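Throughout, protein chains are lettered first and strands after them, A, B, ... in sequence-line order, and every chain is numbered starting at 1. Source: prediction; values computed, not measured.
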Amino acid sequence: MTLRENQFDELRELIGAISEDRLTADQAARLEQLLGEDEAARWFYLEYIDLIGGLHWEGAAERESPSLPPVPAPGLPVDLLQRGMDFGSRTTPFSLIVAGLALGTLLTVLAFWAAPRYFRNHPQPDLQPAVTYVARLTRTVDCKWSDRRVPPMPGDFLHMGRMLDLEAGLAEITFDSGARAVLEGPAVLVIESVGGMRIESGKLVVNVPETATGFTVRTPAALLTDLGTEFGVEVGESGATRLCVFKGAVRVDTEEAPGKVVRAGQAVHVETALGIAVLAAPVEPERFARSRRALADNAGQGERFRGSYDGSYPPDNPPAGRDRWIVAREGSGRIVPNSDIGRESPGVASFLDKGGNRLQVFRPHSSEDWGSNPATVEYEFHARLKIGKKTKTQPDQSWAYQVFGFRDEGGEGRIVALGWYYDLKGGGPGLALIGFSAKPLVTVNREDHADGRFHEYRVRKYLDRGQIKIQVFVDGVARLSPPALYSNLQDDSERSVGKGFGLFSSNVAKPLLVVDYIEYRVKGGD
Amino acid sequence: MTDPSRTEEFVRLLTLHQRRVYVFILAQLPNRADADDVLQETNVVLWNKFDQYQPGSDFRSWAARVAHFEVLKFCGRRRKGVLYFSDPLVEDLLTMALARADELDARQEALAHCLTKLRPRDRDLIRRRYSPGASTKSVAHGVGRSVDAIYKALQRIHDTLFQCIGRTLAKEGAE
């Protein structure tokens, strides 16, 4: 039997549905029938899925950063890399290591060959949307997000146009203007600007300080403008909007009834079914009790994100001449535009922030920039791994402790730690295979933890008086630091050597594979 | 696996065939997040059992079989109808995918070329849709259009790419 032309059309429709994972049972049965009957249909299916799969694969490797430097072998402190860049033809430890690692070179060539080609050769800078971050997700409580793959996490930056689809739980959003909102799932919200948001459905409680007066909440039925206040909004399936004002006042504008001011202790219901009408309603504060409690409990929580080094907001008063700064727990770093990379001095950490800027944290003795400014920088990454035969990371939570790059997540991104894995008990090597999507593909050699349970690993890496130190926590319990592999490297990296190998694509942010870890020792440093 | 040369061999083969294995998983398990998970698990098995792999034998075929088994295990664990096809059909698809793997590889090469031919607007839509974590719904919100409109636009672009791949390969064949 041979498929007719219209059956190919039908097949295409069904494949479209299956690729969107929205195939119904009836459609699945029909697809099975078509594919089962005809070899041409099976080949057509494979060709089409191959196309979709190829786009997924390419997409995961997109947003490569051609300006990023080559990747050091795993374990190599990033400032070595920076030295290698800055001093050009000088023989650097990195170049020595690379030259000595025939295997690494082979693998790198292989990786380059294997890396997705379209996006590598076509950076498409014109396609990079301008992204403006105007808020952060400052707290989540029992949140279940519709996006299971890359769920939002506390500390995430939120850009204009960002949609949050919360199925359950409470999520606090803090705008740059100072306005704070607690969303209660199920709810769908879109960040519109630094001064406003749109709620499609669900509940929201908003607290607007004086500095943010004029903050707006758009609903399908009305535009709510803050007049210095705290209020709750609930949007039903039909778009009907209920507004309860707890403090201050809110102006309610609809197409048919502009400019109604609702004051503290009042509530209105904006109906859409019979034309838009603003009706008085009982206040019913209990409808928003949970969100209001969360809002009150969480005052100032946003600050804590400045305490860990995650590319956090610049402080309120950046020093003159510094465009953007970040502040870590006891020190500071700064964000510099991408175009400035080559001219910057070595740093101990170097990666991209969510705006695509290159982020560098300078080591204390960098005379080029920081002079003797004692910067002590800490950064932490959290991960949950299931160790054992079924090793797997939880979605979106990368592990490891060496920072290599930046993970893009549909228009925004987060800094990720990529690299290898320590045997946290014995100090021996671990192994990690990391895929295009910055997600470890394999972690093995973990016999010590092969109990099949999830463990939470936190690796804190910090700089202390010129030395990188590492502190590991397993399930919240501090472990002894791994051997002092990095001791003295900062001060005398020219004399250090290493071994090991890694496999990387041309994209610094997405190592294909990192196997083993680098051991360092200092030549003649006994 | 402690022999460095064996590790090297594993790395080489895995890298070479990773994409093909991924697409094969996707053919059975269209949900991308599920496919990613199965790919991870497949790689774990490949790594753990690499000692059993005979050098010089067909790694791609072996990896595809392992992947298929992992798909079945995954679906069994999830206990829901994430697997759309019957076993005989999946077997047929697997056999065909392996027999014509070179043709599929050629199609991937052509895809890279065809992406460059897309109109900027279509390319932008593809970029948005296939970014990690993106969905048709998120793209629709991002560009301010309905989900249905984006779905149809993507189908049109897929068709365009599909036809372009066919033309490109035909042209190469003629040359």
Side-chain angles (χ1 to χ4, degrees), chain A residues 12 16 18-21 23 28 31-32 35-36 42-43 45-60 62 103 106-107 110-111 114 117-118 122 124 126-127 147-150 161 163 190 389-392 395 407-411 433 437 439 441-442 444 503 512-513 515, chain B residues 4 7-8 11-12 14-16 18-19 22-23 26-27 30-33 36-37 39-41 43-44 47-48 81 84-86 88-89 92-93 96-97 100 104 107-108 111-112 115-116 120 123-124 126-138 141-142 151 155 158-159 161-162 165:
Chain A
R12 196 158 41 230
I18 201 172
S19 67
E20 288 290 329
D21 207 18
L23 200 69
L31 185 56
E32 168 98 22
L35 298 183
R42 289 195 289 280
W43 178 238
Y45 173 79
L46 283 174
E47 287 178 316
Y48 225 100
I49 289 294
D50 190 69
L51 166 64
I52 304 292
L55 291 171
H56 276 306
W57 194 262
E58 298 277 10
E62 195 189 353
L103 180 57
L106 167 67
L107 294 172
L110 281 169
R117 300 177 183 187
Y118 169 73
H122 302 82
Q124 303 293 338
D126 57 315
L127 298 180
D147 186 350
R148 300 283 200 279
R149 183 181 162 80
V150 191
M163 182 185 72
V190 177
K389 286 185 179 176
K390 296 186 175 77
T391 302
K392 173 184 173 184
R407 174 173 174 178
D408 177 76
E409 292 162 357
L433 306 184
S437 58
K439 193 174 177 183
L441 295 174
V442 179
V444 292
L503 172 60
L512 283 173
L513 175 68
V515 178
Chain B
T7 304
E8 179 190 349
V11 167
R12 188 184 69 78
L14 187 76
T15 307
L16 200 60
Q18 189 75 160
R19 181 173 175 152
Y22 177 70
V23 171
L26 207 62
N31 180 284
R32 183 180 176 183
D36 284 353
D37 286 345
L39 181 65
Q40 282 198 353
E41 309 237 343
N43 286 329
V44 172
W47 171 261
N48 286 335
Y84 291 111
F85 302 136
S86 64
L89 176 55
D92 284 348
L93 289 170
M96 179 177 273
R100 302 177 73 168
L104 292 173
R107 295 187 68 84
Q108 288 296 325
L111 170 62
L115 279 166
T116 68
R123 210 158 48 204
D124 181 49
I126 288 287
R127 183 192 59 74
R128 287 172 183 270
R129 173 62 186 87
Y130 292 102
S131 291
S135 65
T136 302
K137 188 177 174 184
S138 68
H141 275 275
Y151 179 72
Q155 278 225 319
H158 291 156
D159 287 345
L161 288 171
F162 191 85
I165 289 169

- Message: Donor-acceptor pair, distance only, cut-off 3.5 Å: does the side chain of A:Tyr45 make one with the backbone of B:Ala27?
- Response: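 Side chain of A:Tyr45 to backbone of B:Ala27, a donor-acceptor pair under 3.5 Å: yes, one is there.
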
- Looking at B:Asp92, B:Thr136, B:Leu26, B:Leu104, which one has more heavy-atom pairs under 4.5 Å with chain A than the rest? B:Leu104

- With under 30° as parallel and over 60° as perpendicular, where do the rings of B:His158 and A:Tyr48 fit, or are they tilted in between?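 Answer is perpendicular, since the angle exceeds 60°.
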
To the nearest 0.5 angstrom, please state how far the [atom1] atom of [X] sits from the [atom2] atom of [Y].
| X | Y | atom1 | atom2 | answer |
| --- | --- | --- | --- | --- |
| B:Gln108 | A:Asp50 | CD | CG | 4.0 Å |
| A:Leu35 | B:Met96 | CG | CE | 10.0 Å |
| B:Leu161 | A:Leu55 | CG | CG | 6.0 Å |

- Non-neighbouring partners of A:Arg42 that pass salt bridge (Lys or Arg N to Asp or Glu O under 4.0 Å), sequence neighbours left out: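 Result, salt bridge (Lys or Arg N to Asp or Glu O under 4.0 Å) vs A:Arg42: none returned.
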
- Task: Of all the heavy-atom pairs spanning B:Gln155 and A:Arg12, show the shortest one and how long it is.
- Result: NE2-O, 3.7 Å

- Message: Check this for me: does any side-chain nitrogen of one of A:Glu20 and B:Arg129 sit under 4.0 Å from a carboxylate oxygen of the other?
- Response: yes

